[in-house]
Undergrad: 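First, the structure itself, so that you have it in front of you.
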2 protein chains.
Amino acid sequence: MKLRRSERMVVISHYLINHPYQLTSLSYFAERYESAKSSISEDVSIIKKAFEEGGIGHIETVTGASGGVVFTPTISKEEAYDVLEDLRKRLSESDRILPGGYIYLSDLLSTPTILKQVGRIIARSFRHETIDAVMTVATKGVPLANAVADVLNVPFVIVRRDLKITEGSTVSVNYASGSAGDRIEKMFLAKRSLKPGSRVLIVDDFLKGGGTITGMTSLLKEFDSSLAGVAVFAVNTLEEHGDLDYQALLKVSQIDVKTNHVQVEIGNIFDSL
Amino acid sequence: MKLRRSERMVVISHYLINHPYQLTSLSYFAERYESAKSSISEDVSIIKKAFEEGGIGHIETVTGASGGVVFTPTISKEEAYDVLEDLRKRLSESDRILPGGYIYLSDLLSTPTILKQVGRIIARSFRHETIDAVMTVATKGVPLANAVADVLNVPFVIVRRDLKITEGSTVSVNYASGSAGDRIEKMFLAKRSLKPGSRVLIVDDFLKGGGTITGMTSLLKEFDSSLAGVAVFAVNTLEEHGDLDYQALLKVSQIDVKTNHVQVEIGNIFDSL
């Protein structure tokens, strides 16, 4: 396909946006768009500048025979703040309080534009970590894990609370469930879903007691894998989380079922950006 | 932010790619990048041409005071064929056969690059339908629904097989489960998760007996909503599906547990592209 320079830049941008964290050789683009490697190289340096000025991400050039370019998406601190502040306001709406002190999150975690932004924020927060896979527990965490894995371009792994015949062999661990942590339950992960030696980022929608995350951490050991970090959409700071180290987008510091009032603040993830 | 034309085209492309099916006025870009509306208009026509030649999608210009541009992503028939043929080969691998005649799909449905392409194929297949939401059943269908919703820029709705306290009020229906359809189970959907009058696309990972999809269709009626279509990742054509109308990416026509052989073909969705 032969294109004009300006058009070529648009299609190369599109390719890089859809293939983050992946090394692509300049020859690939040169062949695909029937252009000299030197022209492609100039295109990439313009795209690089635009991506940086627009807060879209960074393009790294790897030189040598097996070299090429790698796009790392990001989000500017300003844009991240706007996203978090908007989510904070929406989570503070009084009609989200459910009996039992729970908060309704499903609408936020099923809106693609929100998920994309949240994925970029979490990925930026862990930019100094090597991450091979994103892990979560079914069902609510799945869209969040999907969004983060999307930005990082790594697979995501779904831990289940029940056994499904369509998963093949599984490994299971016990974990303490419920706010009081006094109920012991099982969680399962399909044997072939995680490669040994993986560095794993655990994500979840809502951190209350922390039992689920502790359970997933012990599953990692069974797969000879290690924890790269923990990110949650919202944390309930009214509960104890022991020495669990996590990055939260939002912090729920008060839920009053009687007055229908919920107090939400921007979480500690903002300081890590 | 003041940018050169070539850089401006890159950041406008990025914006449009991330806001599909959404009307954005040219003034928005003109203000954001401190340029004349006429320059933005020229940028957009170059991007439009590049998106079309690259098989990325279409840009429609809406004129008038409340006008602007709308980006509709697509996938070329050639690219769709390559994706489907690659998936067909991977699904044909003998080590995917699980006891009971099930097929292991989780690795494919948890890889972001695959999900993105699958989302584009399903969205293209239903390009003539108005779709307000994508519906699926927990857990396996979630990444697929997420991927399609992402391309269509609409929310997705997760039906559950169990009751969760964090969902608030729910509506439930009975459905026939199992291959023989002789087990009656319940499925639940949170009341506030779907607006009445929605046109809904149902997606699922694997179509066997069809009971789950019939169940979701009856849930739609409870929400005064209607079915825009059904898309599945793979269909087992060894089972009867009555008069269920669906688009499948892949078709499993034979599973031989003894010889560890599975026969997979490209599904009927290809003809709809």
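Proteins come first, then strands; the chains are lettered A, B, ... in the order of their sequence lines, and each starts at number 1.
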Undergrad: Using heavy-atom distances under 4.5 Å, tell me whether Asn18(B) contacts chain A through its side chain, its backbone, both, or neither.
TA: both
Undergrad: Looking at Ser13(A), Pro143(A), Gly55(A), which has the largest count of heavy-atom pairs under 4.5 Å with chain B?
TA: Pro143(A)
Undergrad: Please classify the contact of Ser106(B) with chain A as side chain, backbone, both or neither, using a heavy-atom distance under 4.5 Å.
TA: side chain
Undergrad: Given Pro112(B), which of Val134(A), Asp150(A), Val148(A) fulfils the side-chain contact (heavy atoms from CB on, under 4.5 Å) condition?
TA: Asp150(A)
Undergrad: To the nearest 0.5 Å, what is the distance between CE (Met9(B)) and CD (Glu7(A))?
TA: 8.0 Å
Undergrad: Kindly compute the distance separating OG (Ser169(A)) from OH (Tyr104(B)), expressed to the nearest 0.5 Å.
TA: 10.0 Å
Undergrad: Examine whether an atom of Lys2(B) lies under 4.5 Å from a heavy atom of chain A, and if so say whether it belongs to the side chain, the backbone or both; otherwise answer neither.
TA: backbone
Undergrad: Taking only residues two or more places apart in sequence, or in another chain, which ones meet Arg192(B) in a salt bridge (Lys or Arg N to Asp or Glu O under 4.0 Å)?
TA: none
Undergrad: Using non-hydrogen atoms only, which part of Ser110(B) is less than 4.5 Å away from chain A: side chain, backbone, both, or neither?
TA: both
Undergrad: Is it the backbone or the side chain of Leu152(B) that comes under 4.5 Å from a heavy atom of chain A, or both, or neither?
TA: neither
Undergrad: Mark yes when over 12 heavy atoms from residues, nucleotides or ligands other than Lys77(B) sit less than 6.0 Å from its NZ; otherwise mark no.
TA: yes
Undergrad: May I ask you to decide if Pro155(B)'s main-chain N or O and Thr111(A)'s side chain share a donor-acceptor pair within less than 3.5 Å?
TA: no
Undergrad: Side chain, backbone, both or neither: which part of Val151(B) has a non-hydrogen atom closer than 4.5 Å to chain A?
TA: neither
Undergrad: Could you state the interatomic distance from OG1 (Thr139(A)) to CG (Asp162(B)), rounded to the nearest 0.5 Å?
TA: 6.5 Å
Undergrad: Measure Ala145(B) against the heavy atoms of chain A and call it side chain, backbone, both or neither at under 4.5 Å.
TA: neither
Undergrad: When rounded to the nearest 0.5 angstrom, what distance separates CD1 in Ile46(B) from CG in Leu3(A)?
TA: 12.0 Å
Undergrad: I need the residue from Ala138(A), Gly54(A), Ser6(A) with the largest number of non-hydrogen atom pairs under 4.5 Å to chain B.
TA: Ser6(A)
